[in-house]
Q: 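Quick one: this structure, given as C-alpha cells, is what I'll be asking you about.
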Amino acid sequence: MSAGADERAWDGGGGLAADTQPDFSDFDDLVAALDRWSGSLRGWGPAAAIHAEWSRVGPRLDRARRELARVLVVGVIGGTGTGKSTLVNALAGADVSDAGDVARPTTTAPVVVAGPDVDVSWLPLDALRARVVRSDAPAVANIVLVDCPDPDTQPREDRPSTGAPERPGEERPRPSADNRNRDLLEQVLPACDVLLVVATAQKYKSWIVAREVAAFAPGRPLFFVQTQASRDADIRADWRRELESQGFRVPRIFRLDGVEAGRRAAAGLAPEPGFAELVTAIDEELAGRAARRVRRTGAIDLAAWFVQESRDRLTPLVEPLRAFVEGVTTERTRLEGLLAAAVAGKLRRQRHGWQRLVASEVVERWQGGPFATFVHAVDGVSSLWGRARLGGGLVGRLLAGGRTDAKPDGSPGWQAVEEIGLSESEVEQSRSILAGLAARARIGDPLIGRVRLDDSQVQSLAATLLDRAGRWLGTGVERMVDDRRGRLGGAAVHWTFEVLFASLLVAVLARAGWGFFYGHLWLGRPAEGAGFLQQAFVWLLLWGLALRWAVFRLVRLGLERDIAGLVGGVPAARLVDPLLADYSEAGRRVTDYLAEGRRLDQTTTRLAERLDEPTAALGRLRPPTSGAAP
C-alpha cells in the first residue's frame with residue numbers, strides 16, 4: 001500500500017482501492033468494540049480496572065485519529081547528568097535549556113523548543129509551567145522538542161547495591177511517586193507523541209528511568225541515544241539487550257557527544273557524525289508523511305498494549321472462573337436431585353391418587369353399557385373417601401384435581417418449599433459453596449447477593465419456585481394422564497370390559513331363566529326366590545369390582561417408569577434456577593466478558609501484524625503475542 005493511500009485510508013477519504021479501505025476501517029471497528037467491551041461489566045472488579053485503564057487509553061486513540069496534521073511532540077527524557085539538556089541545546093542550535101555539572105538536577109521545569117511558525121497553543125503550557133523557546137534550527141523545524149524534568153530527582157529511597165540492575169517489571173512504586181517533579185513529569189509525558197531516551201554508560205541500567213519510560217512507552221515510538229561518547233565506552237550492545245529484556249524493539253541506538261555537537265553548531269562547523277545521523281533520522285522518521293505513520297503505528301501499538309494488559313489481568317482468573325461455573329452446575333444438579341427425589345417419593349406414596357385421577361379420566365370417556373354405569377356408580381360412592389386420603393400439599397392438590405398454581409395459606413416461605421425437598425439449610429449450603437468459588441474469581445457484590453437470603457427474598461423465591469414446580473408437575477401429570485387415557489379410553493378396551501361384565505350378567509339372567517322355566521315350570525321344583533337374587537347381586541358386585549380392579553391395574557402398569565421419566569425432566573425444567581440465579585447470571589456475564597476479550601485479543605493481534613510498519617530508527621514496545629488469552 002502506498003503512503004498516500006495509507007493516509008487517505010486513515011483520514012477516511014473517498015476514492016480508495018478496495019484493498020486499502022478495510023485496514024483502518026477495521027481498526028476503527030476494533031476501537032469501538034474495545035470501548036463497548038471495556039465498559040460492559042463494571043460491576044466486576046477486574047473489568048472495572050480495565051475500564052479505568054481504557055478511560056486513559058481511549059482518548060489517546062481518538063486524538064491520534066483526529067490530530068493527523070499536527071506536528072509531533074518529542075519528549076527528551078533521561079536521568080540527571082546524562083547530557084539530556086546538552087543534547088536539546090545542540091538540536092535547538094542554541095543554549096535554550098540550562099545544562100551543567102554543578103547543580104543537580106539541572107532540568108526542574110520543561111523547556112518547549114519549536115520553530116518560529118509552529119503553533120504550540122494547544123499544549124497545556126501554563127499547567128506544565130513550561131518555558132517556550134523559538135528556534136530556526138533544522139532539527140526542530142518539523143517537530144516540537146520538550147526537555148522533560150529529570151525523573152530520578154529525589155528518589156524515595158536509595159537503591160540497594162546488589163550488583164544487578166532492577167527490571168521495570170519488578171513490583172515497586174514508580175520513582176516519581178515521591179519526587180518533587182512528579183506532577184510536572186507526568187503531565188509532560190502524556191502530551192508527547194515520541195520519546196527520545198538519553199543514557200550514558202553510568203545510567204543506562206537505571207531502574208528509575210526505565211520504569212518511567214516503561215510507564216509511558218505504550219503507543220509512543222522511541223529514539224535511544226547514548227551521549228558523552230567522547231568520555232564513555234560504547235555500551236549500545238549491552239543497552240540493546242537490556243532494553244529488549246524489558247520488552248522493547250530496538251532497531252537502532254544512536255551514539256554521539258552532545259557537548260561536541262553543541263560546540264560545532266555554535267561555531268557553524270559540520271555536525272558531529274553521530275549527531276548528524278540523529279538529525280537525519282528525526283527528519284526522515286518524524287516529518288511530513290512519516291509523522292502520520294508514526295501516529296498510526298502508535299495508535300495500533302497502544303490498542304495492542306491495552307489488550308495485552310487486559311489479557312494479563314484476566315488470565316489468572318480463567319481457572320477460578322471455570323471452577324465457579326462448574327460449581328454452579330454442580331450445586332444446581334444437587335438441588336435438582338433433592339427436588340426430584342422428594343417429588344418422586346410423594347407421587348409413589350400417592351398411587352391411589354393416580355388411580356383415581358386416571359381411572360376417572362378413563363371412565364368419563366366410557367359412556368353407555370352396564371359396566372360403565374357400574375363404575376360410575378362405584379366411583380361416585382367412593383369419591384369422597386378417595387379425596388380425603390389425598391391430603392394437602394402441591395402434589396395432593398394436583399392429584400385431587402386442584403389448581404396447580406395454588407399457593408399455600410399465608411406467605412410462602414421455606415416451610416412451603418420443603419414440601420418439594422428444598423430446605424433452607426440445603427439452599428444456604430449451595431450458596432455458601434458458590435460464594436467461596438466466586439471470591440476466588442473476584443466476583444462479589446453487586447453481581448451476586450448474600451449467602452443467606454432475607455425474608456422478602458425468600459417469599460419471592462418461594463412463590464416463584466412453587467409456581468414453576470406446580471406448572472411443571474401439572475403439565476407432566478396431564479401428559480401421563482392423556483397417554484393412559486388414550487390407551488385405556490378407547491372403544492376396544494371399553495367394550496372388552498363391557499363384554500366381560502355383561503357375560504356374568506347374562507349368566508345370572510340365564511341361570512334365573514333356566515331355574516324358573518325349566519326347573520319350576522317344567523320339573524315342578526320350588527322357585528328359588530329372593531335368596532338366588534341376593535347371591536346373584538353379590539356375585540355381580542364382586543365381578544364388577546374385580547373388573548374395576550383390573551382397570552386400576554392397567555392404569556398402574558408402567559407408572560414407576562412414567563414417574564422416573566417425569567422427575568428425570570427436572571434439569572430441563574430449570575426449577576431451582578431462581579435459588580441460584582445471581583450466581584448463574586454472574587458466571588454467564590463474566591464468561592461472556594472473557595470470551596469477548598479473547599476474540600478482541602485475537603483480532604488485535606491479527607490487525608497489528610497486518611498494519612505493522614517497522615522503521616529503521618524508531619523503537620517501540622513489542623506488539624503482544626497471541627499467547628494464553630483469557
Side-chain angles (χ1 to χ4, degrees), residues 7 10-11 56 59-78 84-99 106-151 181-198 212-213 216-217 219-223 225 258 262 265 278-279 281-299 302 618:
E7 293 160 16
W10 185 261
D11 286 328
R56 295 184 288 271
R60 281 187 58 193
L61 292 175
D62 184 59
R63 286 196 305 270
R65 291 182 291 174
R66 289 188 292 104
E67 299 178 351
L68 288 174
R70 176 176 59 76
V71 297
L72 294 174
V73 178
V74 180
V76 184
I77 182 173
K84 171 174 58 68
S85 298
T86 301
L87 177 59
V88 170
N89 291 337
L91 291 170
D95 291 339
V96 298
S97 184
D98 293 335
T106 304
T107 308
T108 57
V111 177
V112 177
V113 183
D117 300 323
V118 175
D119 179 20
V120 294
S121 61
W122 52 272
L123 284 171
L125 299 174
D126 293 337
L128 301 178
R129 292 189 294 168
R131 180 167 57 90
V132 179
V133 178
R134 298 293 178 174
S135 171
D136 57 1
V140 296
N142 298 301
I143 63 172
V144 174
L145 197 65
V146 181
D147 187 5
C148 298
D150 302 334
N181 287 337
R182 174 177 179 265
D183 291 339
L184 283 177
L185 181 66
E186 295 194 353
Q187 289 180 51
V188 172
L189 292 181
C192 298
D193 304 302
V194 179
L195 298 181
L196 195 156
V197 183
V198 179
E212 291 297 331
V213 171
F216 290 94
R220 293 182 174 91
L222 306 97
F223 284 114
V225 180
L278 176 60
V279 172
I282 290 174
D283 184 62
E284 291 178 350
E285 300 287 357
L286 305 183
R289 293 179 177 177
R292 298 191 175 210
R293 184 184 66 235
V294 166
R295 282 200 175 84
R296 291 196 298 266
T297 302
L302 181 59
L618 283 171

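Hydrogens, waters and symmetry mates are skipped; everything else that's a heavy atom, side chains included, is used.
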Q: Test R292 against R295 for side-chain contact (heavy atoms from CB on, under 4.5 Å), laying out the working first.
A: CA-CA 5 Å; R292 298 191 175 210; R295 282 200 175 84; 5.7 Å; no
Q: Please tell me if the side chains of D193 and R70 come closer than 4.5 Å, counting only heavy atoms from C-beta onward.
A: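 Touching, per the 4.5 Å side-chain cut-off.
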Q: If I compare all heavy atoms of A90 with all of G262, which pair ends up nearest, and what's the gap?
A: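 Closest approach of A90 to G262: CB-N, 3.8 Å.
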Q: Testing the basics here: between A92 and A137, what is the closest heavy-atom pair and its distance to 0.1 Å?
A: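 Looks like O-CB, 3.4 Å.
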Q: Mind listing the closest non-hydrogen atom pair of A141 and V118 along with its distance?
A: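 Taking A141 first and V118 second, the nearest heavy atoms are O-CG2, 4.2 Å.
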Q: Walk me through whether L195 and F223 qualify under side-chain contact (heavy atoms from CB on, under 4.5 Å).
A: CA-CA 6 Å; L195 298 181; F223 284 114; over 6 Å; no
Q: Could you report the tightest heavy-atom contact between C192 and G75, atom names first, then the distance?
A: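 What the structure gives for the nearest pair is SG-CA, 3.6 Å.
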Q: Taking side chain to side chain contact (heavy atoms under 4.5 Å, CB included) as the criterion, tell me which of V213, L196, I77 meets it with L222.
A: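 Testing L222 for a side chain to side chain contact (heavy atoms under 4.5 Å, CB included) against V213, L196, I77 leaves exactly one candidate, V213.
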Q: Do L286 and N142 make a side-chain contact, defined as non-hydrogen atoms from C-beta onward lying under 4.5 Å apart?
A: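 The answer is no; the side chains never approach within 4.5 Å.
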Q: Hey, does V112 have a side-chain heavy atom less than 4.5 Å from the side chain of R131?
A: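 Result no, sub-4.5 Å side-chain heavy-atom pair not found.
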Q: To check you understand the geometry: which heavy-atom pair defines the closest contact between L189 and C148, and what is its length?
A: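 Scanning both residues, the minimum pair turns out to be CD2-SG, 3.9 Å.
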Q: Counting C-beta onward and ignoring hydrogens, is there a side-chain heavy-atom pair between V113 and V146 closer than 4.5 Å?
A: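 When only atoms from C-beta onward are counted, V146 and V113 do not touch, as no gap falls below 4.5 Å.
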Q: Is any side-chain heavy atom of I282 closer than 4.5 Å to one of I143?
A: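 I143 reaches I282 side chain to side chain.
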Q: Treating R60 as the side-chain partner and A299 as the backbone partner, does any N or O pair qualify as donor plus acceptor under 3.5 Å?
A: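 No; zero donor-acceptor contacts below 3.5 Å.
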Q: Do V111 and V88 have side-chain heavy atoms sitting under 4.5 Å apart?
A: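 Result no, sub-4.5 Å side-chain heavy-atom pair not found.
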Q: Without swapping roles, check the side chain of R134 against the backbone of A114 for a donor-acceptor pair under 3.5 Å.
A: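 Side chain of R134 to backbone of A114: no pair is present.
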Q: Residues in salt bridge (charged side-chain N to carboxylate O under 4.0 Å, His left out) with D62, at least two apart?
A: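 Listed in chain order: R66.
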Q: Hey, are the side chains of V197 and V225 touching, using non-hydrogen atoms and a 4.5 Å cut-off?
A: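 Result no, sub-4.5 Å side-chain heavy-atom pair not found.
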Q: Is there a side-chain contact between L123 and V144 in this structure, where contact means two heavy atoms from C-beta onward sitting under 4.5 Å apart?
A: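 They are in side-chain contact.
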Q: By the definition side chain to side chain contact (heavy atoms under 4.5 Å, CB included), identify the one residue from L618, V76, V73 that meets it with V194.
A: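 Answer after filtering L618, V76, V73: L618.
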Q: Donor-acceptor pair, R220 side chain versus F216 backbone, under 3.5 Å?
A: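 Yes; judged by distance alone, with no hydrogens or angles, the pair exists.
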Q: D147 and S97: side-chain donor and acceptor closer than 3.5 Å?
A: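 Side chains of D147 and S97: pair found under 3.5 Å.
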